[in-house]
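Take a look at the structure below.
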Amino acid sequence: MKKHTNENLKDILIIGGGPAGLTAGVYAARAGMKTIILEKEAPGGKMVKTDTIENYPGFDSIKGPDLALKMYMQVINLGAEFVYDEVIKIEKNEETFTVTTRNGQTIEALSVIVATGTLENKLGIPGEDQLYGKGVSYCAVCDGAFHKGNPVVIVGGGYSAVEEGIYLSKFVSKLYVVVRKDHFRVDPVTLSKLEQLDNVEFIMNTVVKKVNGAEKVESVEIENALTKETKTLNVTGLFPYIGATPVTQFLENLNLNKSEGYLTGDAKLKSNVKGLFIAGDVREVPLRQIAIAAGDGALAGQMAVNYVQEL
């Protein structure tokens, strides 16, 4: 490997501090690489917003924030640097990458791992933006306790909706689960935990059309997709879980290969830009789970190590 004179040059720069990024950091740091992880929010990504995790190997059950902290402490103890900042631009040089952050930092690295994950999709209905933080929330763990003893609506038929619904049911008097289709996209065991709760009502083939309220959420208007019948639910909270969009805006100038907005790579998680690897939910995968993201991080981390060693 060539000796670089820039003492501030990092071997591996990881963008995103969720399970993929933190695991990549473990592999990079253990290999003796000068490793830096950039994360604009809390370490752990969506794990921090998940109440209970029951499908991560080694734990029958663990709180999301607890698992996030364990991963974070492991990578820090191995010597990786963790910086709270957001990447706004990446430039590819002959043998290095130059990364610019929102706080004005410029960081140079030999290899980059993109593990930025996704952002929750919005319903795009009247009142949603105006009442955000006033009853409209995309994080049940963050805001569920504010609705103790009150009725709320959760929207979605995937794992996030079901798992967060189970959590919300502990606080609220009534949980309406509104699903656009006639079925859920989760395994029967997970769904059964929600189905057996007494304060949960499923409303299938239905969409939310509007959320009402002056200073806070007071009700939502729903419409049956088949009959077009409308109904108003008097609730204090609306929690949409209708999928997510990969965070890739800062990569536009690199012209990375994508599929439906998600980054694509080869079997070794290499992108079409030499030295840039991808991992976790930002990648095109058929299932987005913590275990899969961690596996991605392990592979991307080791492949980045190999790349740097071969330079």
Side-chain angles (χ1 to χ4, degrees), residues 18 39-52 63-65 68 84 86 102-103 117-181 184 194 197-225 227-245 247 249:
E39 167 59 51
K40 66 178 181 178
E41 296 181 356
K46 288 187 174 63
M47 289 190 293
V48 178
K49 301 177 181 180
T50 304
D51 176 52
T52 304
K63 296 293 183 181
Y84 296 93
E86 180 182 3
R102 189 164 298 283
N103 290 336
T118 59
L119 280 178
E120 293 83 1
N121 292 338
K122 293 184 177 182
L123 294 169
I125 58 173
E128 183 178 13
D129 289 338
Q130 294 86 339
L131 292 169
Y132 173 68
K134 300 175 182 178
V136 175
S137 172
Y138 306 89
C139 177
V141 175
C142 308
D143 301 321
F146 294 128
H147 301 277
K148 188 173 183 179
N150 295 321
V152 302
V153 172
I154 200 164
V155 185
Y159 278 97
S160 294
V162 172
E163 290 167 353
E164 298 309 291
I166 294 170
Y167 174 79
L168 276 173
S169 68
K170 303 173 186 176
F171 300 97
V172 302
S173 59
K174 180 81 171 184
L175 175 68
Y176 297 100
V177 182
V178 176
V179 185
R180 182 168 57 91
K181 298 183 179 180
F184 285 86
L194 187 63
L197 298 173
D198 294 333
N199 62 337
V200 175
E201 179 180 335
F202 298 104
I203 306 177
M204 312 301 288
N205 294 308
T206 299
V207 295
V208 177
K209 302 294 288 185
K210 184 180 180 182
V211 53
N212 302 311
E215 299 299 322
K216 59 182 180 179
V217 172
E218 297 173 3
S219 66
V220 298
E221 297 176 18
I222 60 175
E223 179 183 271
N224 185 289
T227 66
K228 302 303 178 182
E229 179 186 357
T230 60
K231 185 178 180 181
T232 298
L233 302 175
N234 295 317
V235 296
T236 62
L238 171 66
F239 293 83
Y241 287 97
I242 55 166
T245 300
V247 180
Q249 300 90 334

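Note that these values count all heavy atoms, side chains included, but never hydrogens, waters or copies made by symmetry.
Taking K40 as the reference, nothing meets the side-chain hydrogen bond (donor to acceptor under 3.5 Å, both in side chains) condition, with sequence neighbours excluded. Remark: F146 engages no residue in a ring-ring contact (aromatic ring centres under 6.0 Å, His included) (not counting sequence neighbours). Annotation: side chain to side chain contact (heavy atoms under 4.5 Å, CB included) contacts of T245 (sequence neighbours excluded): N121. By the ring-ring contact (aromatic ring centres under 6.0 Å, His included) test, Y159 pairs with no residue at all, sequence neighbours left out. For the side chain to side chain contact (heavy atoms under 4.5 Å, CB included) test, residues two or more places apart in sequence or in another chain that qualify with L197 are S169, L194, N199, V200. Not counting sequence neighbours, Y241 has no partner by the ring-ring contact (aromatic ring centres under 6.0 Å, His included) test.
Taking CD1 from I154 and OH from Y167, the interatomic distance works out to 11.5 Å, rounded to the nearest 0.5 Å. Remark: K210 NZ to E223 CD distance equals 13.5 Å, nearest 0.5 Å. Interatomic distance, CD of E229 versus CG of N205, reported as 12.5 Å (0.5 Å rounding). Note that OG1 of T52 and NZ of K63 are 3.5 Å apart. Values are rounded to the nearest 0.5 Å. Between the NZ atom of K209 and the OG1 atom of T232 there is a distance of 13.0 Å, given to the nearest 0.5 Å. Atoms CE and NZ, on M47 and K49 in that order, are 12.5 Å from each other to the nearest 0.5 Å.
Using a 4.5 Å heavy-atom cutoff, the side chains of D51 and K170 are in contact. A 4.5 Å side-chain heavy-atom check between L238 and L123 finds at least one atom pair inside the cut-off. Counting heavy atoms from C-beta on, the side chains of V217 and K134 never come closer than 4.5 Å. In this structure, T230 and E221 have side chains that are not in contact, with every pair of non-hydrogen atoms separated by 4.5 Å or more. Residues F202 and V179 have side chains not in contact (no heavy-atom distance under 4.5 Å, counting atoms from C-beta outward). When side chains are defined from C-beta on, N150 does not count as touching V172, because their heavy atoms never get closer than 4.5 Å. In this structure, the side chains of E120 and S160 stay at 4.5 Å or more apart for every pair of heavy atoms. V152 places a side-chain heavy atom less than 4.5 Å from the side chain of T236.
Y176 carries K174 over the face of its six-membered ring, with the cationic atom under 6.0 Å from the centre and within 45° of the normal.
Across all their heavy atoms, V211 and E128 have their closest contact at CG1-N, 3.4 Å. Annotation for P151 and S173: closest pair N-OG, 3.3 Å, computed over non-hydrogen atoms.
Under the 3.5 Å distance criterion, the side-chain polar atoms of T206 are matched with a main-chain donor or acceptor of M204.
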Open item on the list: Please determine whether side-chain contact (heavy atoms from CB on, under 4.5 Å) holds for the pair Q249 and V247, giving the CA-CA distance in whole Å, both sets of side-chain angles, and the decisive distance to 0.1 Å.
Closed with: CA-CA 6 Å; Q249 300 90 334; V247 180; 3.7 Å; yes
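Checking L175, V235, I203 one by one against V153, the side chain to side chain contact (heavy atoms under 4.5 Å, CB included) holds for a single residue, V235.
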